[in-house]
Amino acid sequence: SFSRIYAHEVQAVFMYNSERWNADATFTAEPERRTLDQKTGIMQADTVRSSVSLIPRLSVQYMDKDWSFGMTYDGSTSQPDISSLLSLTDNSNPLYITRGNPRLKAAYRQSLSFDGRNSPLGLSVNIRLSNTINEQTLAVYYNPQTGGRISSPVNINGNRDANLYVSY
């Protein structure tokens, strides 16, 4: 295999600061062009893929004498490996066959957190929620007649996480 990646980064930033409020927002776009020249067994493929990864971020904070509150959102796109997108089948080992999946989608990870703190009471609360849309993983199918496995990359949903922290 031989691959090349040509990428750029474009970013827009907004910042606001005052005595009580702080806010910043960042939006990043990363257009890229990926090429791959691959030989799998006796099959050969040359492919080119253009994509754009997005990375938004927003943070807002409020502070006064006793209280502080904050909210943060982070997101990011993750492109699949270009070799996973090829429709080639590698059956050089009949007990472990691998296939590509040209229908793979980009994964998007996002998280949202809320913070609150009262300094005189010594109380703080943090809530964090996160999930991934179109996570990329490897599906493995077992063939009981031959004892072999066939694997192929797939997209799944449902990776979620939630945390709550309270301290006094």
Side-chain angles (χ1 to χ4, degrees), residues 1-38 45-87 99-119 121-140 151-168:
S1 295
F2 180 75
S3 74
R4 290 179 298 275
I5 298 174
Y6 300 99
H8 299 281
E9 183 177 282
V10 179
Q11 191 174 70
V13 178
F14 167 80
M15 297 180 92
Y16 173 79
N17 294 312
S18 72
E19 188 175 307
R20 293 184 187 252
W21 289 93
N22 291 327
D24 66 83
T26 305
F27 182 79
T28 305
E30 296 177 345
E32 66 182 22
R33 181 177 186 264
R34 298 184 288 166
T35 64
L36 177 68
D37 303 326
Q38 179 174 343
D46 299 333
T47 189
V48 176
R49 181 166 194 254
S50 297
S51 60
V52 177
S53 294
L54 305 175
I55 307 168
R57 184 175 194 287
L58 172 67
S59 176
V60 178
Q61 297 160 346
Y62 171 80
M63 297 166 284
D64 71 8
K65 185 175 132 185
D66 296 334
W67 289 92
S68 68
F69 298 100
M71 186 275 307
T72 303
Y73 174 83
D74 284 301
S76 67
T77 305
S78 174
Q79 300 296 330
D81 291 334
I82 195 165
S83 60
S84 297
L85 294 169
L86 296 178
S87 58
R99 293 187 176 135
N101 183 353
R103 292 177 285 165
L104 278 179
K105 299 174 189 168
Y108 186 74
R109 293 171 181 82
Q110 59 187 349
S111 67
L112 180 64
S113 66
F114 300 96
D115 297 301
R117 180 173 297 136
N118 183 297
S119 298
L121 293 176
L123 177 67
S124 66
V125 175
N126 174 275
I127 299 170
R128 184 175 186 277
L129 309 166
S130 64
N131 75 330
T132 303
I133 301 166
N134 291 327
E135 179 69 53
Q136 297 142 17
T137 189
L138 195 61
V140 179
S151 64
S152 177
V154 295
N155 289 114
I156 61 169
N157 286 320
N159 292 335
R160 296 175 184 91
D161 188 29
N163 296 303
L164 171 65
Y165 300 99
V166 179
S167 66
Y168 177 73

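Because only heavy atoms are used, hydrogens play no part in the values below, and waters and symmetry mates are left out as well, while side chains stay in.
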Would Arg4 and Arg33 count as a side chain to side chain contact (heavy atoms under 4.5 Å, CB included) if you check the C-alpha gap in whole Å, the side-chain angles of each, and the deciding distance to 0.1 Å? CA-CA 8 Å; Arg4 290 179 298 275; Arg33 181 177 186 264; over 6 Å; no
Stepwise side chain to side chain contact (heavy atoms under 4.5 Å, CB included) test for Met71 and Leu58: CA-CA 8 Å; Met71 186 275 307; Leu58 172 67; 3.8 Å; yes
Tell me, with the steps shown, if Asp24 and Arg57 meet salt bridge (charged side-chain N to carboxylate O under 4.0 Å, His left out). CA-CA 8 Å; Asp24 66 83; Arg57 184 175 194 287; 3.4 Å; yes
Show, in sequence, the C-alpha distance, side-chain angles and deciding distance for Val52 and Leu54, and conclude whether the side chain to side chain contact (heavy atoms under 4.5 Å, CB included) test is met. CA-CA 6 Å; Val52 177; Leu54 305 175; 3.8 Å; yes
If you apply the rule side chain to side chain donor-acceptor pair (under 3.5 Å), what do you find for Asp66 with Asn118, and how did you get there? CA-CA 6 Å; Asp66 296 334; Asn118 183 297; 5.6 Å; no
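Within the 4.5 Å cutoff, no side-chain heavy atoms of Asn155 are placed close to those of Arg103. Looking at Asp37 and Thr35, their side chains never come closer than 4.5 Å, going by heavy atoms from C-beta outward. Proximity of Ile55 to Gln11: side-chain heavy atoms (C-beta onward) are nowhere separated by under 4.5 Å. At a threshold of 4.5 Å between non-hydrogen side-chain atoms, the residues Phe69 and Val60 do not count as touching. Annotation: side chain of Thr47 is in contact with side chain of Leu86 (closest heavy-atom distance under 4.5 Å). In this structure, Glu19 and Met63 have side chains that are not in contact, with every pair of non-hydrogen atoms separated by 4.5 Å or more.
Across all their heavy atoms, Pro56 and Phe27 have their closest contact at CB-CD1, 4.1 Å. Between Gln136 and Lys105, the closest heavy-atom pair is NE2-O, 3.0 Å. The two residues Pro153 and Leu138 have their closest heavy-atom pair at N-CD1, 3.7 Å. Of all heavy-atom pairs spanning Glu32 and Ile5, the tightest one is OE1-CG2, 4.1 Å. Annotation for Leu36 and Ser3: closest pair CD1-CB, 3.8 Å, computed over non-hydrogen atoms.
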Donor-acceptor pairs under 3.5 Å, side chain of residues 157-168 to any protein atom, not counting sequence neighbours: which ones?
{"residue": "Asn157", "atom": "OD1", "partner": "Asn134", "partner atom": "N", "Å": "2.6"}
{"residue": "Asp161", "atom": "OD2", "partner": "Asn163", "partner atom": "ND2", "Å": "3.4"}
{"residue": "Ser167", "atom": "OG", "partner": "Ser124", "partner atom": "OG", "Å": "2.6"}

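Residues in residues 6-25 take part in these ring pair (Phe, Tyr, Trp, His ring centres under 6.0 Å) pairs, two or more places apart or across chains: Trp21-Tyr62.
Checking side-chain atoms of Asp64 against main-chain N and O of Trp67 turns up a donor-acceptor pair under 3.5 Å.
A distance of 7.0 Å separates CD in Glu135 from OG1 in Thr137, rounded to the nearest 0.5 Å. Between the OG atom in Ser130 and the CG atom in Asp74 there is a gap of 10.5 Å [rounded to 0.5 Å].
Within a 6.0 Å radius of CZ in Arg49, more than 12 heavy atoms belonging to other residues, nucleotides or ligands are found.
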